[in-house]
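Worksheet for the structure shown next.
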Amino acid sequence: GWKPEKLPPIEVIDGQHRLWAFQDGHPDENYELPVVAFVGLDLSWQAYLFYTINIKPKKINASLAYDLYPLLRHEEWLTRFDGHVIYRETRAQELVDLLWSCRKSPWYRRINMLGESGSRGLKVTQASWVRSLLASFVKSWNPHRIQIGGLFGSAVGEHRTVLRWTRIEQAAFLIVVGQEIEKAIARLDEPWMQALRREKIQSRLENDDDWAFVGQGNLLNADQGIRAILQVVNDVLYIRADELQLHCWGGDQGTIGADLGDIDECILSLRDQSKIIDLLTQLATALAKYDWRSSKGPDLTDEESVRKAAFRGSGGYKELRRDVLHHLSEDESDIACTAREVIHRLGY
């Protein structure tokens with residue numbers, strides 16, 4: 001009978017360990033190995049089968065599956081299952097842990113991981129960071145409700161491409177964002193920065209912390225400020241994903257189970273991407289020029305204090321995001337054009 005010249009590839013979706021067991025074994029010819037085979041499955045269905053077998057029964061870390069099968073990050077059918085929420089929350093928590101534990105992170109040991117009150121001036125808790133990531137980078141995308149999705153949680157660009165970045169690469173990206181903002185603040189000497197730095201001198205603290213980045217009375221050391229930074233950076237990068245060719249970086253399957261040492265390599269790799277770094281530097285500079293003092297910050301006029309009081313409470317997240325975006329829309333760089341596009345999409 002007719003035989004094909006070449007067999008099509010066979011993908012083993014689950015049960016690889018059973019095949020490996022035969023490498024050193026020699027079963028007799030009567031040994032039977034049950035197999036469930038599917039013909040013509042596309043990648044989306046392969047991902048669904050992996051999810052059904054491994055994630056829904058909660059047998060392995062849900063976050064791992066979303067690195068192995070990035071398609072699962074935005075498939076609409078997955079929103080019907082608990083695994084979708086579990087992935088996002090798990091991934092956000094993993095990222096916060098990496099931001100806190102990596103020495104090159106500007107937030108190294110600067111996140112209140114246990115939620116303790118008055119913990120060495122660390123106002124932003126792990127829970128706040130997780131919620132902010134869920135509202136920004138790890139956010140899903142719905143064309144009917146959400147105009148801007150998350151870089152780590154949805155498809156991006158004109159062709160709706162899923163970035164295949166692993167958790168290590170995602171953490172490295174956030175660390176570089178933070179590094180650029182910290183460097184921009186250190187480089188500039190805006191009036192709001194001067195006021196916070198003077199207050200540190202008056203408090204007679206002898207540490208090396210720059211209060212323009214992590215000081216008291218600073219929104220960047222508060223829940224609202226972290227949320228605004230993560231949202232605005234995600235907004236801008238989401239809009240310009242195609243131009244920056246974000247899909248061309250990352251996706252290294254070798255980093256899926258990597259440790260902290262591999263973040264350094266990812267950071268160096270990302271810094272070789274000149275388009276991305278140039279935009280992040282430009283964006284960080286524009287963000288640093290915004291007045292990040294809270295309503296209780298030093299040297300504020302009564303009018304400024306009242307205006308900043310609007311950023312407190314649950315409604316303050318949206319108001320601060322809106323204010324920062326309008327600030328960026330007046331910048332002299334091409335960030336302004338992107339900020340105006342974000343404002344349009346969000347209806348601000």
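We number each residue from 1, following the sequence as shown.
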Among R109, K200, R110, R197, the one residue meeting salt bridge (charged side-chain N to carboxylate O under 4.0 Å, His left out) with D209
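Of all the options given, the one that passes is R110.
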
[X] with [Y], same ILVMFWY side-chain cluster at under 4.5 Å:
| X | Y | value |
| --- | --- | --- |
| V306 | F311 | no |
| Y108 | L99 | no |
| Y317 | L219 | no |
| L220 | L300 | no |

Answer yes or no: is there a donor N or O on one side and an acceptor on the other, between the side chain of [X] and the main chain of [Y], under 3.5 Å?
| X | Y | answer |
| --- | --- | --- |
| K104 | D264 | no |
| N218 | A212 | yes |
| S295 | S305 | no |
| S329 | H326 | yes |
| W292 | F213 | no |
| K183 | A284 | no |
| Q231 | A228 | no |
| W192 | Y290 | yes |
| E304 | T301 | yes |
| R88 | L134 | no |

Roughly how far, to the nearest 0.5 Å, is the [atom2] atom of [Y] from the [atom1] atom of [X]?
| X | Y | atom1 | atom2 | result |
| --- | --- | --- | --- | --- |
| S105 | I263 | OG | CD1 | 8.5 Å |
| R227 | L320 | CZ | CG | 10.5 Å |
| L196 | D210 | CG | CG | 8.5 Å |
| S132 | I226 | OG | CD1 | 7.5 Å |
| L246 | W165 | CG | CH2 | 5.0 Å |
| L325 | E341 | CG | CD | 11.5 Å |

Work out which heavy atom in [X] is nearest to a heavy atom in [Y]; give both atom names and the distance.
| X | Y | result |
| --- | --- | --- |
| D291 | K308 | O-NZ, 2.8 Å |
| S203 | W211 | OG-CH2, 3.9 Å |
| D242 | G157 | OD1-CA, 3.3 Å |
| L188 | A288 | CD1-CB, 3.7 Å |

Quick one: are [X] and [Y] in side-chain contact, heavy atoms under 4.5 Å?
| X | Y | answer |
| --- | --- | --- |
| V233 | L174 | no |
| D278 | Q282 | no |
| L163 | E169 | no |
| N234 | I148 | yes |
| V342 | L328 | no |
| E199 | R293 | no |
| E243 | L279 | no |
| K139 | S136 | no |

### Query
Considering residues, nucleotides and ligands other than D302, do more than 12 of their heavy atoms fall under 6.0 Å from its CG?
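Incorrect, the count does not exceed 12.
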
Discussion item. Taking CZ in R312 as the centre, count heavy atoms belonging to other residues, nucleotides or ligands within less than 6.0 Å. Is the count above 12?
Written reply: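 Atom CZ in R312 is not crowded, with 12 or fewer foreign heavy atoms closer than 6.0 Å.
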
Exercise for review: Output, in order, the C-alpha distance, side-chain angles, deciding distance and verdict of side-chain contact (heavy atoms from CB on, under 4.5 Å) for Q170 and R91.
Suggested key: CA-CA 10 Å; Q170 291 170 355; R91 176 47 53 91; 2.9 Å; yes

With D235 as reference, evaluate R321, R345, R240, Q147 under the side chain to side chain donor-acceptor pair (under 3.5 Å) test and give the passing residue.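 In the set R321, R345, R240, Q147, the residue that makes a side chain to side chain donor-acceptor pair (under 3.5 Å) with D235 is R321.
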
Practice prompt. Starting from the C-alpha separation in whole Å, work towards a yes-or-no answer on side-chain contact (heavy atoms from CB on, under 4.5 Å) for I175 and Q179.
Written response: CA-CA 6 Å; I175 287 171; Q179 288 175 340; 3.7 Å; yes

Checklist entry - Taking NZ, NE, NH1 and NH2 as the nitrogens, is one of them in R307 or E303 under 4.0 Å from a carboxylate oxygen of the other? => result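 Salt bridge: no.
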
_Centroid-centroid under 6.0 Å between W129 and W107 rings_ =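 Under 6.0 Å, so yes.
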
query = If you measure only the distance, is there a donor-acceptor pair under 3.5 Å linking the side chains of T281 and E180?
reply =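 T281 vs E180: donor-acceptor pair found between side chains.
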
Original post:
Does the side chain of T285 come under 3.5 Å of the side chain of R187 through a donor N or O and an acceptor N or O?
Top reply: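 Yes.
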
Exercise for review: Name the orientation class of the two ring planes belonging to F152 and F173 (parallel below 30°, tilted from 30 to 60°, perpendicular beyond 60°).
Suggested key: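 Aromatic pair F152/F173 classed perpendicular.
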
Derivation of the side-chain contact (heavy atoms from CB on, under 4.5 Å) call for L237 and L280: CA-CA 9 Å; L237 272 291; L280 288 180; 3.9 Å; yes

